[in-house]
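The figures that follow rest on heavy atoms only: side chains count, while hydrogens, waters and symmetry mates do not.
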Amino acid sequence: MRLTRREFIASVLIGACAIITTNDSVFPEMREAKIDMGLNMKIVLITDLHLHGWGWREDILQDFLRNKTEKADLALILGDSYDSNTPNLDIVKKMLKSIEIPKLGVLGNHEHWASDRIPLSEGIKTYEDAGVRILINEKVDFKGVKFGGIDWYYDEAGIGRSYLESLGEVDVLLSHTPDVIGLSPRTKLVVSGHTHGGQICIPIVGPVWTPSRYGTR
């Protein structure tokens, strides 16, 4: 059988998509990093859950989060726990309540983008009901460490700088997007999500596209 040029290109693209999806996993992992900042605490970062329902995968994730966070001091929720495809916020509350240690968080782009269907006030209330203190351009003190969080700022530097100005100096900055680092925030450490480790990843090759102005840097 002979393929036309268009049919050949289509078959290659379909094959590439099949390869790309094999790099994903339903089994959660946790990577540890030791940072010498003198904070004397163990912090767990949780980001981009994008919960779209509840099934066996969510059961696995819930057990994982419960077990892996029980010996930590603090959990930081870095946004996009839900989006426009989330059927209801009860599953977000159920998942995050599994984490039974103090929790701080910020909003991501998808909480804002879903606001035509799920008002931000409802989303914030759900986070709070799950025990997450959402920081919107504000800071709090936890065990002598200043944690600050800025709201999603649509990648506009002027808005981001305004948010950082109102926040001031902190020890640890929560920002859904890592691009905030380009605005020279007054902080010792920035923790972020948003990139998913690369939106498109190919085995061995790694990420080929990342939603950041700095690419994979």
Nearest atoms (heavy-atom pairs only) where E111 meets L120: O-CD2, 3.5 Å
Residue pair L74 / K103: nearest heavy atoms and the distance that separates them: CD1-N, 4.1 Å
Electrostatic pair R66:D63 at N-O distance under 4.0 angstrom: yes
Inter-residue atom distance L49.CG - T47.OG1, 0.5 Å rounding: 7.5 Å
F147: which of L174, V191, L173 passes side-chain contact (heavy atoms from CB on, under 4.5 Å): L174
Heavy-atom side-chain proximity of I124 to L107 below 4.5 angstrom: yes
Main-chain N/O of D171 paired to T187 side chain as donor or acceptor, under 3.5 Å: yes
S81-Y127 side chain donor-acceptor pair, cut-off 3.5 Å: yes
Short side-chain to backbone donor-acceptor contact, S192 and S175, under 3.5 Å: yes
Least distance between heavy atoms, L61 atom then P28 atom: CD1-CB, 4.1 Å
From N67 atom CG to M30 atom CE, the distance as rounded to the nearest 0.5 Å: 10.0 Å
Close side-chain approach of V172 and F142, heavy atoms under 4.5 Å: no
Point-to-point distance, once rounded to the nearest 0.5 Å, from NZ of K42 to NZ of K71: 8.0 Å
P87 to G53 - nearest heavy-atom pair and separation: CD-N, 4.2 Å
Verify same cluster id: Y153, I136 (apolar side-chain graph, 4.5 Å): no
Exercise: do D48 and H110 side chains pair donor with acceptor under 3.5 Å: no
Gap between atom CG of D80 and atom NE2 of H112 - 0.5 Å precision: 10.0 Å
Minimum-distance pair of heavy atoms, taken over all atoms of L78 and G193: CD1-N, 4.2 Å
Which atom of V190 lies closest to which atom of P185, heavy atoms considered: CG2-CG, 4.0 Å
pair Y82-I91: side-chain heavy atoms closer than 4.5 Å: no
Distance-only donor-acceptor check, side chains D179 and H194, under 3.5 Å: no
In one Ile/Leu/Val/Met/Phe/Trp/Tyr side-chain cluster, 4.5 Å: V44, M41: no
Close side-chain approach of L89 to D129, heavy-atom, < 4.5 Å: no
Spacing of CD1 belonging to I134 relative to CG belonging to L104, to within rounding of 0.5 Å: 9.0 Å
Rounded distance [0.5 Å steps], CE in M37 versus CD1 in I43: 8.0 Å
Donor-acceptor contact present, side-chain S162 to main-chain G158, <3.5 Å: no
Side-chain heavy atoms of D59 within contact of W54, under 4.5 Å: yes
Shared hydrophobic cluster for I35 and V145 (ILVMFWY, side-chain gaps under 4.5 Å): yes
Flag side-chain contact, heavy atom, 4.5 Å: K94 against Q62: yes
Sidechain-backbone polar pair: E138 side chain, L135 backbone, donor-acceptor under 3.5 Å: no
Cluster check I118, W152: I/L/V/M/F/W/Y, side chain < 4.5 angstrom: no
Joint hydrophobic cluster, L65 plus I60, side-chain heavy atoms closer than 4.5 Å: no
Whether over 12 other heavy atoms sit under 6.0 Å from E70 CD: yes
Whether H196 and H50 hold their rings parallel, tilted or perpendicular, with breakpoints at 30° and 60°: tilted
Test side chain to side chain contact (heavy atoms under 4.5 Å, CB included) applied to N137 and L167, step by step: CA-CA 6 Å; N137 310 323; L167 184 63; 5.6 Å; no
Main-chain N/O of L51 paired to T86 side chain as donor or acceptor, under 3.5 Å: yes
Beyond-backbone contact of D83 with W113, side-chain heavy atoms, under 4.5 angstrom: no
Heavy-atom side-chain contact between V132 and I99 under 4.5 Å: no
